[in-house]
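Here is the structure we will look at, set down as structure tokens.
The structure presented is a predicted model; accordingly, all values stated were derived computationally and were not measured. What's counted below: heavy atoms across the whole structure, side chains too, no hydrogens, waters or symmetry copies.
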Amino acid sequence: MKTPKPISPFRLSSLLRLQKDPNLALKLFQNPNPQHPKAHKPFRYSLLSYDLIVTKLGRVKMFDQMEQILQQMKQETRFDPPEILFCNVISFYGRARLPHRAVQMFDQMPSFRCQRTVKSFNSLLDALRRCGELPKVREIFMGMENYVNPDACTYNILIKACCVNGSLDDAWVVFDEMRRKGVRPNVVTFGTLIYGLCVDSRLKEAFKLKEDMKRIYGVKPNAFVYTSLIKGLCKIGELSLAFRLKEEMVTNKIELDAAVYSTLINALFKVGRKGEVSGNLEEMSVYGCKPDTVTYNAVINGFCKEKDFEAAFRILDEMVKNNCKPDIISYNVIIGGLCKEGKWIEANDLFEDLPRRGCSPDVVSYRTIFDGFCSWRRFKEAIFILEEMVFKGYGPYSASANKLLVGLCEEGNVEDLWKALNCLVNAKENVVDLDTWGLVISIVCKMDKLSNAFNLVDTLSALNAVN
DNA sequence: TCGAGACTCT
């Protein structure tokens with residue numbers, strides 16, 4: 001058999017682009033020519049292939065492997081890596097809540113022969129904002145003017161930080177400073193401010209700003225601005241005004257997107273107008289926007305609230321058919337709905353089927369199914385789940401844990417009570433309230449030998465140590 | 001994926 005031709009650096013990039021599995025992509029990158037072991041000169045990796053593999057690894061949080069590739073890239077002398085690559089790495093760390101590593105990457109950039117502009121500063125600011133490191137955001141912003149000129153993006157990040165923090169007044173201070181420094185606010189600036197106002201239910205001000213942005217600043221509102229306003233109107237039950245706003249988008253030739261419809265569909269279900277949902281879904285295709293996972297999730301949620309699980313499962317099938325992958329939220333909604341109705345067998349079936357469906361349960365899935373078992377007094381099943389979730393580092397809702405303990409006390413089931421307590425000791429935070437403790441102690445003392453009461457004291461001190 | 005949103009659980 002003929003040995004295949006060795007892979008060229010150019011070909012490696014296209015193969016990396018096609019490879020969806022990050023582990024396989026990494027293997028491919030590390031050993032592009034398994035058929036030609038060491039017979040050739042060192043492989044001349046292109047900058048593009050570095051960029052592709054770093055992005056792939058960063059997206060799935062394979063940070064150790066990503067750092068290794070970065071070190072390898074540092075040794076390359078044939079090119080200087082572009083700033084955007086590091087901006088991406090910084091933002092991966094921000095999304096993964098690893099502020100230290102974001103700062104580290106920023107600090108190391110010069111050693112990669114890469115100059116830092118306002119873009120890297122912005123990436124770092126946003127990463128720190130996501131991690132809630134607001135004092136650090138402030139500190140870096142104060143210092144950055146010695147190196148670069150803050151741009152609109154910089155101020156937008158600061159405004160966002162204020163809005164998320166619930167301090168809209170501070171957001172206005174930043175907005176004023178932005179204008180004083182001669183930086184023109186753009187559509188993101190206004191979008192962020194309007195979003196903040198809507199979340200705070202200050203709709204009057206939000207609508208005024210929408211007018212001002214056009215009239216005074218010459219910035220046209222976009223779909224993002226409209227969605228915030230529509231959501232704000234839905235929240236106060238003004239659905240007809242919300243729909244009128246959607247019509248205004250059509251009149252003003254602002255492209256409708258799935259988010260607008262997800263918001264409206266969610267609101268329709270909430271006020272019991274589910275009959276209008278399918279009409280809206282049809283209208284979406286008229287405007288050329290396809291429902292996405294969030295839209296479908298809103299529909300699934302609506303059906304579950306109506307206890308129409310058949311319809312909910314039908315939507316799951318429809319998603320698959322329309323090439324729209326259900327995510328963990330889609331499943332959590334159904335599992336939660338089933339649990340609420342006492343259909344814990346069906347809920348557990350779906351829960352256990354998650355891996356086969358290509359979705360791993362998250363902390364919400366565990367808490368939901370655990371609460372379902374506790375509410376319907378399926379204590380054996382609950383303890384089984386509790387063991388698994390604590391092992392994974394997830395903790396239950398406090399109310400569910402208390403339901404379990406109280407239930408076991410009522411049943412006088414000291415053995416299972418013991419098991420549950422041992423699990424809860426290993427949970428990250430103390431979720432058992434004082435009244436429940438009192439009950440547990442009195443039951444154990446009454447039911448069991450004194451020795452267990454001593455053990456219980458040990459358990460209690462272990463919990464206190466955790467606290 | 002240098003900056004903004006819509007869907008689940010508290």
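Closest approach to the A/Y397 side chain among B/dA6, B/dC2, B/dT10 is made by B/dT10 (side chain taken as heavy atoms from C-beta onward). For A/V260, whose side chain is taken as the heavy atoms from C-beta onward, the closest listed nucleotide among B/dG5, B/dT8, B/dG3 is B/dG5. The side chain of A/A258 sits closest to B/dA6 out of B/dC9, B/dA6, B/dA4. Between B/dG5, B/dG3, B/dC2, one nucleotide has an atom nearer to the side chain of A/F224 than all others, and that is B/dG5. Side-chain proximity of A/K231 to the nucleotides B/dG5, B/dA4, B/dC7 is greatest for B/dC7. Listed candidates were B/dG5, B/dA6, B/dC9. Nearest to the side chain of A/D257 is B/dG5. With distances taken from any side-chain atom of A/V364 to the nucleotides B/dT8, B/dC2, B/dC7, the minimum falls on B/dT8. Side chain of A/V188, nearest nucleotide from B/dG3, B/dT1, B/dC7: B/dG3. Distances were taken from every side-chain heavy atom of A/A152 (C-beta onward) to each of B/dC2, B/dG5, B/dG3; the shortest belongs to B/dG3. Side-chain proximity of A/C87 to B/dA6, B/dC2, B/dT1: nearest is B/dC2.
Contact between the side-chain N/O atoms of A/N301 and the OP1/OP2 oxygens of B/dT8 is found at a separation under 4.0 Å. Regarding contacts with the backbone of B/dA4, a side-chain N or O of A/R129 is found under 4.0 angstrom from either OP1 or OP2. For A/R130, no side-chain nitrogen or oxygen approaches OP1 or OP2 of B/dC2 to under 4.0 Å. Under 4.0 angstrom from either OP1 or OP2 of B/dT1 there lies no side-chain N or O belonging to A/K61. The side chain of A/K160 contributes no N or O atom lying less than 4.0 Å from OP1 or OP2 of B/dG3.
As rounded to whole Å, 16 Å separates atom C1' of B/dT1 from atom CZ of A/R97. Rounded to an integer number of Å, the gap from A/M284 CE to B/dA6 P is 16 Å. Rounded to an integer number of Å, the gap from A/I230 CD1 to B/dG5 P is 16 Å. Taking atom CD1 on A/I157 and atom P on B/dT1, their separation rounds to 13 Å, with Å as the unit. When the P atom of B/dG5 is taken as reference, atom NZ of A/K210 falls 20 Å away, rounded to whole Å. To the nearest angstrom, C1' of B/dG5 lies 13 Å from CG of A/N266. At whole-Å resolution of the value, CG in A/N186 and C1' in B/dC2 are 13 Å apart. Atom CG of A/L124 and atom P of B/dG3 are 13 Å apart (whole Å).
Residue-level contact check: A/F190 touches neither bases nor backbone, having no heavy atom under 4.0 Å from any strand. Counting non-hydrogen atoms under 4.0 angstrom, A/T263 reaches the backbone sugars and phosphates but no base. Using a 4.0 Å heavy-atom criterion, one finds that A/K305 contacts the sugar-phosphate atoms exclusively. Nucleic acid contact for A/L264: none, since no nucleic acid atom lies under 4.0 Å from a heavy atom of the residue. At a threshold of 4.0 angstrom between heavy atoms, the contacts of A/A399 with the nucleic acid are absent. Here A/D362 lies out of heavy-atom contact (under 4.0 Å) with every strand.
Contact annotation: side chain of A/N88 to base of B/dT1, donor-acceptor pair absent below 3.5 Å. Between the side chain of A/N222 and the base of B/dA4 there is at least one donor-acceptor pair of N/O atoms closer than 3.5 Å.
One distance of note links NE2 of A/H100 with CG of A/L128; it measures 10.0 Å at 0.5 Å rounding.
Here A/Y366 and A/F351 bring their ring centres to under 6.0 angstrom of each other. Between A/F92 and A/F63, a ring centre-to-centre spacing not shorter than 6.0 Å is recorded.
Rounded to whole Å, the P atom of B/dT1 lies 16 Å from the corresponding atom of B/dA6.
Geometric assessment of A/K74 against the ring of A/F112 yields a positive cation-pi assignment under the 6.0 Å and 45° thresholds.
Taking the side-chain contact (heavy atoms from CB on, under 4.5 Å) definition, one finds that A/E248 meets it with A/K210, A/Y226, A/L245, A/N252, sequence neighbours left out. A/S14 pairs by the side-chain hydrogen bond (donor to acceptor under 3.5 Å, both in side chains) definition with nothing, not counting sequence neighbours.
Between A/K321 and A/D317 there is no salt bridge, since no side-chain nitrogen of the basic residue lies less than 4.0 Å from a carboxylate oxygen of the acidic one.
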